[in-house]
Amino acid sequence: MNQPSHDAGLFDHCPWLFAGQASEEQRAAQEQRQERLLAGPGEVRLGEGCFVAETAAVYPDVLHLGDRSYIAAHAYVTDAIRTGADCTVNPFTVVRGTVTLGDGVRIGAHSSLLGFNHGAAPDLPVHQQPVTSQGITVGDDVWIGSHVVVVDGVTIGDHCVIGAGAVVTKDLPAWSVAAGNPARRLRDRREPRGAQRRLGQEAAEQRRGLAGPEVLAGERRGFAGSEAVAGERRGLAGPEVLAEQRRGLAGSEAVAGERRGLAGSEAVAGERRGLAGSEAVAGERRGLDRPEALAEELQAFAGDARAQVADLLDRSWRPDTGRYADRPAAEPTVRAHCDAVEIADLLLGDVPVHLPAPEHVERLRALQDPATGLVPEFGAPAPLPGPAGVPDGDPAYHVLCVGYALDLLGSSFAHPVHAVRTTTADRLVRQLGALPWTDRAWHAGAWIDSWATAAHWNLRAGGEAAAPGALEALFGWLHTHADPWTGMWGSPTREAGRLQMVNGYYRLTRGSFAQFGLPVPYAERVIDTVLDHARDPRHFAPGRQNACNVLDVIHPLWLCARQTTHRGEEARAWAARQLTAALRRWHPGQGFGFGPTPDGTGPGREPGLQGTEMWLAIIWLLADLLGLADVLGYRPRGIHRPEPAPAGKA
């Protein structure tokens with residue numbers, strides 16, 4: 001179609017041509033159109049390079065358009081509409097109610113996204129029924145065909161394709177290809193066409209008694225469950241698994257690049273959506289364009305922190321009990337003592353001055369239960385082992401914090417962690433399969449972190465990590481159960497998005513792959529998933545970041561950057577913004593607060609030892625990704641150490 005660029009109707013109907021073909025007069029007219037929207041009664045925010053057709057009926061209460069998004073001719077847009085970058089509302093499309101779009105969402109002509117509904121009770125005429133709105137949420141990289149209707153309350157996951165004429169009445173998971181009225185999921189977009197039909201035929205053949213080599217072929221294609229465990233027992237047991245991992249044969253690069261081609265626009269949108277503001281822009285400018293300015297800021301911060309660390313530790317010391325508490329109003333805890341040791345080591349290269357080094361060692365070693373090797377909380381009874389060694393709760397984290405505090409003090413646990421040392425490979429594999437990967441992936445990852453760290457301490461003590469083959473079974477299971485499309489274990493949830501999955505990934509890989517010095521599988525896919533998650537405003541909008549969520553993004557980005565340069569510039573841009581924001585969270589003489597938590601639990605915003613220990617490590621990881629960590633003058637040596645933990649005898 002070669003219509004002349006002076007035809008204003010061309011851009012209304014084909015707004016993607018506007019940026020390259022519009023005249024100065026037409027650009028001025030578009031600026032006036034946008035100024036009228038900005039001056040209107042609704043809350044309107046328009047990103048860079050947006051276009052709103054003159055003939056579109058746009059009457060919003062809220063309209064947030066991400067960069068390079070457009071509303072084409074005769075579209076009808078009302079109520080509360082929010083989009084990411086590179087979204088299209090094509091001609092004659094209706095978007096009403098509460099509708100939220102991710103990045104790269106394409107909505108075909110004559111489609112309707114109706115994020116509201118009328119009641120239908122028999123006691124009132126329809127026109128008098130109350131209006132309700134649950135809202136519609138559409139993920140990233142979604143193509144909605146022409147003449148599609150999406151009704152209120154529906155969530156469409158990332159990377160979905162909705163066929164023309166579909167009526168979407170129920171949620172669709174990520175990667176769905178769906179069509180029909182009502183719409184049904186036809187296949188996974190990542191599967192070749194006809195793949196499900198072939199799998200169904202093979203299953204039918206097996207039921208008819210034609211099993212044999214086909215069964216093993218199914219396992220190779222990734223069938224989970226008992227077949228995966230059988231595969232591990234047949235071919236993945238033994239030390240050769242660890243040897244292959246050390247040689248880097250995890251297969252992480254085999255399927256790289258298949259997942260998607262929208263990396264650039266997604267990342268740019270994430271940087272601008274929900275994370276923007278003058279502070280973020282300044283941080284990116286200092287971190288990428290002017291690294292020397294950020295280096296000076298880092299150096300000044302580190303100097304202030306060292307000068308104030310004595311006051312910080314004093315406010316958490318309880319002379320009456322001879323113990324540490326996280327913050328003045330809190331009760332003393334085992335973790336607080338360990339955090340104090342980590343902070344003093346980081347900033348002073350010494351032990352907290354309230355006790356001599358031998359007494360720190362003696363007190364921490366005395367906490368361990370000799371029978372199980374586990375460490376209870378102060379005043380709690382000796383913990384009982386879980387199904388495969390490690391129980392839930394405080395004793396699981398104490399395996400990490402007490403073990404590393406003792407390591408920093410030049411000592412070690414007095415006893416092996418017997419609860420893990422006796423774990424057999426079969427028991428471990430059963431426990432791994434029983435962990436709550438679907439809805440509590442963080443809990444599952446934390447359990448593996450604790451178990452693998454206990455195995456590490458057992459090896460450091462000169463004994464067996466666990467029963468023969470158990471450690472190899474752990475890494476075999478992790479490799480065969482990592483999702484090749486996300487690089488992770490677990491699934492997103494509707495309530496929290498990728499939060500559980502990403503946070504669980506950090507805990508899992510910290511204690512296993514990172515601690516043992518092994519490459520992670522699917523490193524490029526991990527980076528994709530983590531950068532997607534880092535754009536979620538529920539967790540990363542200004543004022544919502546906490547130490548856990550930021551750490552659980554930067555550590556995977558930092559870890560995977562050891563294996564690949566994939567999307568490195570985007571990761572560094574995110575790190576620069578977060579670093580600038582993190583440095584401003586320091587409370588003089590008091591340290592860092594952990595940050596807000598959605599349920600109001602945890603240490604919260606008040607400065608304390610836990611927030612300080614975590615943010616100091618986060619700042620180092622952010623700075624190291626930017627190549628600036630050396631100016632800090634400290635390097636984590638405990639739980640958040642960047643190098644693999646020493647494997648020799650302590």
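For Asp630, the CG atom is loosely surrounded, since the number of other residues' heavy atoms within 6.0 Å does not exceed 12. Heavy atoms of other residues, nucleotides or ligands lying less than 6.0 angstrom from CD of Glu464 number 12 at most. The environment of CD in Glu643 is crowded: more than 12 heavy-atom neighbours from other residues, nucleotides or ligands sit within 6.0 Å. For CD of Glu362, the number of neighbouring non-hydrogen atoms (other residues, nucleotides, ligands) closer than 6.0 Å is 12 at most.
Judged by distance alone, with hydrogens and angles left aside, the side-chain atoms of Asn546 form a donor-acceptor pair with the main-chain N or O of Asn549 at under 3.5 Å. No donor-acceptor distance shorter than 3.5 angstrom exists from the side chain of Arg510 to the backbone of Asp449, with no hydrogens or angles considered. Gln515 contributes no side-chain N or O that, together with a main-chain N or O of Ala645, makes up a donor-acceptor pair within less than 3.5 Å. In this structure, the side chain of Arg562 engages the main chain of Trp558 through a donor-acceptor pair within 3.5 Å. Looking only at distances, a side-chain donor or acceptor of Thr580 sits under 3.5 Å from a matching main-chain atom of Ala576. Proximity of a side-chain donor or acceptor of Gln563 to a complementary backbone N or O of Val520 within less than 3.5 Å is detected. Here the side chain of Arg318 pairs a donor or acceptor atom with the backbone of Pro328 at under 3.5 angstrom. The backbone N or O of Arg544 sits nowhere less than 3.5 Å from a side-chain atom of Arg538 that would complete a donor-acceptor pair. No donor-acceptor pair under 3.5 Å is formed between the side chain of Ser450 and the backbone N or O of Tyr397. With hydrogens and angles disregarded, a donor-acceptor distance shorter than 3.5 Å links the side chain of Thr529 to the backbone of Thr486.
Between His533 and Val553 the shortest side-chain heavy-atom distance falls below 4.5 Å. In this structure, the side chains of Val309 and Leu313 come closer than 4.5 Å at one or more pairs of heavy atoms. The side-chain heavy atoms of His456 and Phe516, taken from C-beta on, include a pair separated by under 4.5 Å. Within the 4.5 Å cutoff, the side chain of Gln368 has heavy atoms near those of the Val375 side chain. Side-chain contact between Leu347 and Ile343 is present, with heavy atoms from C-beta onward closer than 4.5 Å.
Atoms CD and CD, from Gln578 and Gln545 in turn, are 5.0 Å apart once rounded to the nearest 0.5 Å. Here the NE2 atom belonging to His481 is positioned 8.5 Å from the CG atom belonging to Leu432, to the nearest 0.5 angstrom. Taking CG of Leu622 as the reference point, atom CG of Leu628 lies at 10.5 Å (rounded to 0.5 Å). Put simply, CG on Leu471 and CG on Leu459 are 6.5 Å apart, with the number rounded to the nearest 0.5 Å. Distance check: Thr453 OG1 to Ile639 CD1 gives 8.5 Å after rounding to the nearest 0.5 Å. With rounding to the nearest 0.5 Å, the separation of CD in Glu292 from CD in Gln299 is 13.0 Å.
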Return all side-chain donor-acceptor pairs below 3.5 angstrom for residues 441-448, not counting sequence neighbours, or 'none' if the list is empty.
residue : atom : partner : partner atom : Å
His443  : ND1  : Arg440  : NH2          : 3.2
His443  : NE2  : Asp392  : OD1          : 3.4
Trp447  : NE1  : Val390  : O            : 3.0

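Side chains of Tyr324 and His354: a donor on one and an acceptor on the other come within 3.5 Å. When only modelled atom types and interatomic distance are considered, His566 and Asp528 share a side-chain donor-acceptor pair under 3.5 Å. There is a side-chain donor-acceptor pair under 3.5 Å between His360 and His337.
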- [ ] For Leu621 and Leu551, run side-chain contact (heavy atoms from CB on, under 4.5 Å): C-alpha distance rounded to whole Å, both residues' side-chain angles, the deciding distance at 0.1 Å, then the answer.
- [x] CA-CA 8 Å; Leu621 288 164; Leu551 173 63; 3.8 Å; yes
- [ ] Kindly indicate, with the supporting measurements, whether the criterion side-chain contact (heavy atoms from CB on, under 4.5 Å) is fulfilled by Leu531 and Leu557.
- [x] CA-CA 8 Å; Leu531 288 176; Leu557 291 178; 4.2 Å; yes
Open item on the list: Could you go through Thr333 and Glu377, starting from their C-alpha distance and side-chain angles, then the distance that decides it, and tell me whether this counts as side chain to side chain donor-acceptor pair (under 3.5 Å)?
Closed with: CA-CA 7 Å; Thr333 62; Glu377 187 52 85; 4.9 Å; no
- [ ] Just do the side-chain contact (heavy atoms from CB on, under 4.5 Å) check on Glu342 and Met614 with the steps written out, would you?
- [x] CA-CA 10 Å; Glu342 292 245 14; Met614 293 182 71; over 6 Å; no
Open item on the list: For His555 and Tyr505: C-alpha separation, side-chain torsions, deciding distance, then whether ring pair (Phe, Tyr, Trp, His ring centres under 6.0 Å) applies.
Closed with: CA-CA 10 Å; His555 188 273; Tyr505 180 90; 8.7 Å; no
Task: Stepwise side-chain contact (heavy atoms from CB on, under 4.5 Å) check, Gln500 with Asp439 - done: CA-CA 7 Å; Gln500 285 274 330; Asp439 57 350; over 6 Å; no
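By the 6.0 Å and 45° rule, Arg365 does not stack over the aromatic ring of Phe413.
Ring geometry for Tyr404 versus Trp457: interplanar angle over 60°, hence perpendicular rather than tilted (30 to 60°). Ring geometry for Phe513 versus Trp489: interplanar angle under 30°, hence parallel rather than tilted (30 to 60°). The aromatic rings of Trp437 and Trp477 sit parallel, their planes meeting at an angle under 30°, below the 60° perpendicular limit.
The only option from Phe594, Trp586, Phe592 that meets the side chain to side chain contact (heavy atoms under 4.5 Å, CB included) definition with Trp615 turns out to be Phe592. The side chain to side chain contact (heavy atoms under 4.5 Å, CB included) test with Val530 is passed by exactly one of Asp532, Ile527, Val526: Val526.
Taking the ring-ring contact (aromatic ring centres under 6.0 Å, His included) definition, one finds that His398 meets it with nothing, sequence neighbours left out. Taking the side-chain contact (heavy atoms from CB on, under 4.5 Å) definition, one finds that Ala561 meets it with Leu625, sequence neighbours left out.
A salt bridge links Arg460 with Asp407: the closest approach of a Lys/Arg side-chain nitrogen to an acidic carboxylate oxygen falls below 4.0 angstrom. Ion pairing between Arg335 and Asp339 holds under the 4.0 Å rule for side-chain N and carboxylate O.
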